[in-house]
Amino acid sequence: MIEKDLEFRGIRIDHLGLYFEELGAKQITGRFPYVYEAESWSGQILSEKEISFTSSFKVNTVQVRFCANEESILNELIRNYRYKTTRIGG
């Protein structure tokens with residue numbers, strides 16, 4: 001199994017879990033680590049912390065692990081997941 005950990009900032013945990021489900025996974029656990037499983041890959045939401053840039057500007061940071069049977073599947077999963085986390089300002 002191939003794994004890669006990424007950090008996402010400013011996105012709520014429930015949205016990050018929903019992205020796994022939209023990509024075809026089913027939620028397995030209901031607390032940390034949140035585990036999502038699909039046929040040839042899985043994802044885990046490992047932890048959440050809050051970081052401060054200034055005394056009034058704080059943002060969450062979430063550690064997410066991606067696992068797959070093959071590197072090509074892992075790369076496609078991460079690409080598709082990152083696309084879902086893209087925010088367009090306006």
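From a predicted model like this one, the values you see are computed outputs, not experimental measurements. Just the heavy atoms: all of them, side chains too, but no hydrogens, waters or symmetry mates, feed the values below.
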inquiry  = Let me confirm one number: the CZ-CH2 distance from F20 to W41, rounded to the nearest 0.5 Å.
reply    = 6.0 Å
query = Between atom SG of C67 and atom CD of E37, what is the distance when rounded to the nearest 0.5 Å?
reply = 9.5 Å
remark   = With L46 as partner, the option from D5, V64, V62 fulfilling side chain to side chain contact (heavy atoms under 4.5 Å, CB included) is D5
task = Return the set of residues passing side-chain hydrogen bond (donor to acceptor under 3.5 Å, both in side chains) with R82 (not counting sequence neighbours), or none when no residue passes.
result = none
ask   = Which value, rounded to the nearest 0.5 Å, describes the distance between N80 atom CG and N75 atom CG?
value = 11.0 Å
ask   = With sequence neighbours left out, what residues match T61 under side-chain hydrogen bond (donor to acceptor under 3.5 Å, both in side chains)?
value = E7
query = Under 6.0 Å from the CD atom of E39, do we count more than 12 heavy atoms belonging to anything else shown?
reply = no
ask   = When clusters are formed by joining ILVMFWY residues with side-chain heavy atoms under 4.5 Å apart, either directly or through shared neighbours, do V35 and I73 land in the same one?
value = no
message = Between Y36 and I45, is there a side-chain heavy-atom distance shorter than 4.5 Å?
response = yes
Main-chain N/O of K49 paired with N60 side-chain donor or acceptor, under 3.5 Å = no
task = Please say which of E48, Q44, Q63 ends up in a side chain to side chain contact (heavy atoms under 4.5 Å, CB included) with F32.
result = E48
Set of side-chain hydrogen bond (donor to acceptor under 3.5 Å, both in side chains) partners for Y81, sequence neighbours left out = none
key: M1 and N69: CA distance, side-chain angles, deciding distance, side chain to side chain contact (heavy atoms under 4.5 Å, CB included) verdict   = CA-CA 5 Å; M1 185 76 62; N69 296 334; 3.5 Å; yes
query = Rounded to the nearest 0.5 Å, how far apart are NZ of K26 and OG of S42?
reply = 15.0 Å
query = In terms of heavy-atom contacts, does OH of Y83 have more than 12 from other residues, nucleotides or ligands at under 6.0 Å?
reply = no
key: Euclidean distance, E71 CD relative to E76 CD, rounded to 0.5 Å   = 13.0 Å
message = How close do G24 and A38 get, counting heavy atoms only, and between which atoms?
response = O-CB, 3.9 Å
query = Going from CD on E3 to CZ on R65, what distance comes out if it is rounded to the nearest 0.5 angstrom?
reply = 5.0 Å
message = I'd like to know if L6 and L16 are part of one continuous hydrophobic network [Ile/Leu/Val/Met/Phe/Trp/Tyr, side-chain heavy atoms within less than 4.5 Å].
response = yes
Side-chain heavy atoms of L23 within contact of L77, under 4.5 Å = yes
